[in-house]
Amino acid sequence: MARILVTSALPYINGIKHLGNLAGSMLPADVYVRFQRLRGHEVLAICATDEHGTPAELAAAAAGQDVAQYCNEQHEVQKALGERFNLAWDHFGRTSSDWNKRLTQHFAEMLEANGLIAEVVEKQVYSIDDARFLPDRYVEGTCPNCGFEKARGDQCDNCGKLLDPIDLIEPYSAVSGSKNLEVRDTRHLQLRQTEMEGRIRAWVDAAEGWPPLAKSIAYKWLDEGLRDRTITRDLKWGVPVTKDGAPREGFEDKVFYVWFDAPIGYISATAEWAEATGNDWESWWRTDKGADDVSYVQFMGKDNVAFHTVSFPATILGSQEPWKTVDKLKAFNWLNWYGGKFSTSSKRGVFMDQALELLPADYWRWYLTAYAPEGGDAQFTWEHFQGVINTDLANVLGNFVNRILKFAASRFDGVIPEGGEPGEHEAWLAAEVDQRLKAIAAHYDAMEFRKAGAETRALWAAGNEYLTRAEPWSHFKTDRDKAAIGVRTGINLAVLSAIVAQPVIPETAAKILHAVGVPEGKRTWPADAGAVLLDALPRGLEFTVPDVLFAKVEDEQIAEWSERFGGAV
RNA sequence: GGCUGGGUAGCUCAGCUGGUUAGAGCGCACGACUCAUAAUCGUGAGGUCGGGAGUUCAAGUCUCCCCCCAGCUACCA
């Protein structure tokens, strides 16, 4: 049994997440977690809301709320939605927690003790009317390059040129529109990543469980040369800056940069979990206290890779303390919405709460996992979604389970029948099961979710093919035993189909297993040979026929949803 | 501009270190079956593998140039 720590990129606090966010880290992480638990491993699944930063302050202001109160509410909303999607976290924490404050301050002080922190004075745009400093992208104005009037201070969306806020013609605050801006000096802490380039490169060199995408992004940053990063900001909402445990002089109105404290949230959320459950968090995070044998897996979108392969490691390695670092890393591309992007701010696409109004979680979980944006960006369209749900879930799995159980209920009195001996059809199916189970497990281990999905589907499809070969309905009229072996084998395969489906569609899998009376303890990942698995249910066991497992998505629904959510316009 | 990833059948994608007639699922056509959610099973038609040049006995797979899409480019997260 292995100990596996799984974290998914922390969802930002400023509103309900859309399906792209779900598909890009939280959901695949959960599928992986469930799979590894089924295999009997000790898995700790950690997530949290990422609550600091300018967008949180602005979102709270827009909602007319105090930031802390806004975050309290949004945290609960996101937690509840995650749970409704059956994300089986051990703990869903918050980066605004006391633990995160303490650990963030601890890391900063360790870095300083190791000579990796410098105080610098920077120039930053200050908005007098907003009474706040503005991050570069919150200053807008006319692009000096192309004349675009809504260019952001970091980059022009029209011509793509990288900008500095002071380059903008007629700059104004993106927050209020005020042109009453000035450049002010402001004192900040810098993390001297330049000092750590060698250590980080050696660490990346030694990493083995990363996909090429992740390594190439990390090397790109290293090859360009790491720069010192400013890790504090002029904000009120965040982790206060300390020195020797007391407020740091001159930094009373500053906090740590959200990207400095957010990844530390993985650790602090684990600590919160331990505190709440009486467990030991250090055995998961400190290699001197038992975390040596932990396999740490991170899930994230591609935009997050550099922070997880370079910036966060710089914090951890720079502390010179024996912290656990990531072993395997899985990065996803984007799920797009009809060629464009899902967007929280412009409300493009389907959001987690809306998705659940339309269909149960399993439908989304299957679609988003089996067709995850792995190789490149993927597009969500209602038509594709409908095709996938109807074919994979309703026709292949749902109908298979339904047909075999209904037939068995009407012809064999609702019990697993006795009689008959395995023949060529059963041998074919057993070989199929052996091959598929092995492939599915291998793909999950490799975090290849599309492939795992395709193989899972192939196992379900094998059920339908088997029934066509065994045709128990024909034999029933002439040779009851021959029909019995077909039915028995079919129901066993239905159970296997459900067991294997648990990571992706836990609710439906549970329905099937409950209907056939498979006890909780016998739902773990199958280890026996196919021939054994296909005769695992006790003869005479009573079962029930569940209601239709998956309703088809009708054309009228697609039309209605396309209308409601924009869709193909 | 730089870097990274992608551009393979109508659609969504797989193709590891180059090697027989380029694969899968969906969709489509035809056939079979009737236990089942008009579900299922089988067969078949579809591709000059973004464009061009090169290396090689042999390239979707390697090299170079070009085009298109996406992301990142360190103060949005």
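A, B, ... follow the sequence lines: proteins, then strands. Residue 1 opens every chain. Side chains included, hydrogens not; waters and symmetry mates left out as well; all remaining heavy atoms used.
Residue Asp547(A) qualifies as open at atom CG: its count of foreign heavy atoms under 6.0 Å is 12 or below.
One can find a donor-acceptor pair under 3.5 Å joining the base of A74(B) and the side-chain atoms of Arg227(A). For a distance-only test at 3.5 Å, the side chain of Gln379(A) fails to qualify as a donor-acceptor partner of the base of U12(B). For Trp259(A) and A77(B), a side-chain-to-base donor-acceptor distance below 3.5 Å is present, hydrogens and geometry of angles not being considered. You'll find a donor-acceptor pair under 3.5 Å spanning the side chain of Asn399(A) and the base of A36(B), going by distance alone.
Looking at which nucleotide of RNA chain B each of Asn402(A) and Thr468(A) is closest to, the 5′-most match is held by Asn402(A). Heavy-atom distances to RNA chain B give each of Gly53(A) and Glu374(A) a nearest nucleotide, and the one nearer the 5′ end belongs to Glu374(A).
Nucleotide G46(B) is shown with a syn base, its glycosidic torsion being within 90° of 0.
Heavy atoms of Phe400(A) sit nowhere under 4.0 angstrom from any nucleic acid atom. Counting non-hydrogen atoms under 4.0 angstrom, Leu549(A) reaches a base of the nucleic acid. Using a 4.0 Å heavy-atom distance criterion, Val548(A) is classed as a base contact. Nucleic acid contact for Ser410(A): none, since no nucleic acid atom lies under 4.0 Å from a heavy atom of the residue. Looking at heavy-atom distances under 4.0 Å, Gln155(A) makes contact with a base. Contacts of Gly225(A) with the nucleic acid, taken as non-hydrogen atoms under 4.0 Å apart, include base atoms. At a threshold of 4.0 angstrom between heavy atoms, the contacts of Ala461(A) are confined to the sugar-phosphate backbone, with no base atom among them. Here Ala378(A) lies in heavy-atom contact (under 4.0 Å) with sugar-phosphate atoms only. Contact annotation for Leu467(A): no contact, since no heavy-atom pair falls under 4.0 Å across all strands. Within 4.0 Å of Phe307(A), counting heavy atoms only, lies at least one base atom of the nucleic acid. Backbone-only engagement by Arg411(A) is indicated by non-hydrogen atom pairs under 4.0 Å involving sugar-phosphate atoms exclusively.
OP1 or OP2 of C76(B) sits under 4.0 Å from a side-chain N or O of Arg137(A). In this structure, Arg450(A) reaches the C13(B) phosphate: one of its side-chain N or O atoms is under 4.0 Å from OP1 or OP2. Side-chain nitrogen and oxygen atoms of Lys552(A) include at least one within less than 4.0 Å of the OP1 or OP2 phosphate oxygen of A39(B). Applying the 4.0 Å criterion to OP1 and OP2 of U73(B), one finds that Lys302(A) has every side-chain N and O outside that range.
Residue Trp473(A) and nucleotide C35(B) are classified as a stacked aromatic pair, their ring centres being separated by less than 5.5 Å at an interplanar angle below 30°.
Atom CG in Leu163(A) sits roughly 15 Å away from atom C1' in C76(B) (whole-Å rounding). Between the CZ atom of Arg469(A) and the C1' atom of C35(B) there is a distance of 18 Å, rounded to whole Å. Per the geometry, CD belonging to Glu465(A) stands 17 Å off P belonging to C33(B), to the nearest Å. Remark: P of C13(B) and CZ of Phe449(A) are 17 Å apart, rounded to the nearest angstrom. Residue Leu405(A) contributes atom CG, which lies 14 Å from atom C1' of U37(B) at whole-angstrom precision. The interatomic distance linking Arg403(A) (CZ) with U34(B) (P) rounds to 12 Å, in whole Å.
Figure legend: cation-pi geometry between Lys552(A) and Phe550(A) absent, as NZ or CZ is not positioned both under 6.0 Å from the six-membered ring centre and within 45° of its axis.
Spacing of C1' atoms, G15(B) relative to A53(B), comes out at 25 Å, to the nearest Å. Separating the C1' atom of A45(B) from that of G10(B) is a span of 12 Å, rounded to the nearest Å. With both ends at atom C1', the span from G6(B) to C49(B) equals 14 Å, rounded to whole Å. The P atoms of C68(B) and G60(B) are separated by 25 Å, rounded to the nearest whole Å. With P as the reference atom, G23(B) and U43(B) are 15 Å apart, rounded to whole Å. For the C1' atoms, the distance from A9(B) to U17(B) is 27 Å, rounded to whole Å. Taking atom P in both C13(B) and U55(B), one finds a spacing of 35 Å when rounded to whole Å. Taking the C1' atoms as reference points, G31(B) lies 49 Å from C66(B), given to the whole Å.
By the 4.0 Å N-to-carboxylate-O rule, Arg187(A) lies close enough to Glu119(A) to be salt-bridged with it. A salt bridge is absent between Glu507(A) and Lys511(A); no separation between the charged side-chain nitrogens and carboxylate oxygens falls under 4.0 Å. A salt bridge is defined here as a Lys NZ or Arg NE, NH1 or NH2 lying under 4.0 Å from an Asp or Glu carboxylate O, and Glu448(A) with Arg450(A) fails to meet this definition. Arg152(A) and Glu140(A) are not joined by a salt bridge, as no carboxylate oxygen comes within less than 4.0 angstrom of a charged side-chain nitrogen. The pair Glu374(A)-Lys330(A) meets the salt-bridge criterion, since a charged nitrogen lies less than 4.0 angstrom from a carboxylate oxygen. Between Asp130(A) and Arg132(A) there is no salt bridge, since no side-chain nitrogen of the basic residue lies less than 4.0 Å from a carboxylate oxygen of the acidic one.
Across all strands shown, C28(B) forms a Watson-Crick or G-U wobble pair, both distances under 3.5 Å, with G44(B). Shown here, G1(B) forms a base pair with U73(B); the pair counts as Watson-Crick or G-U wobble because both key distances fall under 3.5 Å. Judged by Watson-Crick or G-U wobble contacts below 3.5 Å, the nucleotide U63(B) has A53(B) as its partner.
The NE2 atom of His443(A) sits 5.5 Å away from atom NZ of Lys451(A), with the distance rounded to the nearest 0.5 Å.
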Restricting to nitrogen or oxygen on both sides, can you table the protein-nucleotides 23-29 of chain B pairs closer than 3.5 Å?
unit_1: G25(B); atom_1: O3'; unit_2: Arg457(A); atom_2: NH2; d: 2.8

Listing time: all N or O pairs from protein to nucleotides 3-9 of chain B that are below 3.5 Å?
unit_1: U4(B); atom_1: O3'; unit_2: Ser216(A); atom_2: OG; d: 3.4

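Classification of the Trp237(A)-His52(A) ring pair by plane angle, with boundaries at 30° and 60°, yields perpendicular. In this structure, Phe380(A) and Trp337(A) have parallel ring planes: the angle between them is below the 30° cut-off, well short of the 60° mark. Using cut-offs of 30° and 60° for the angle between ring planes, the Trp473(A) and Phe407(A) rings count as perpendicular.
Among U73(B), G71(B), C76(B), the nucleotide with an atom closest to any side-chain atom of Pro55(A) is C76(B). Listed nucleotides: U37(B), A77(B), C76(B). Nearest to the side chain of Tyr138(A): C76(B). Among U34(B), U40(B), A74(B), the nucleotide with an atom closest to any side-chain atom of Asn464(A) is U40(B). Closest to the Trp334(A) side chain, of the nucleotides C35(B), G71(B), A77(B), is G71(B). If you check C72(B), C35(B), U37(B) against the side chain of Asp303(A), the one that comes closest is C72(B).
Each of Trp382(A), Phe385(A), Phe449(A) was compared with Tyr367(A) under the ring pair (Phe, Tyr, Trp, His ring centres under 6.0 Å) criterion, and only Phe385(A) meets it.
Between Phe92(A) and His75(A), the ring center distance clears the sub-6.0 Å criterion.
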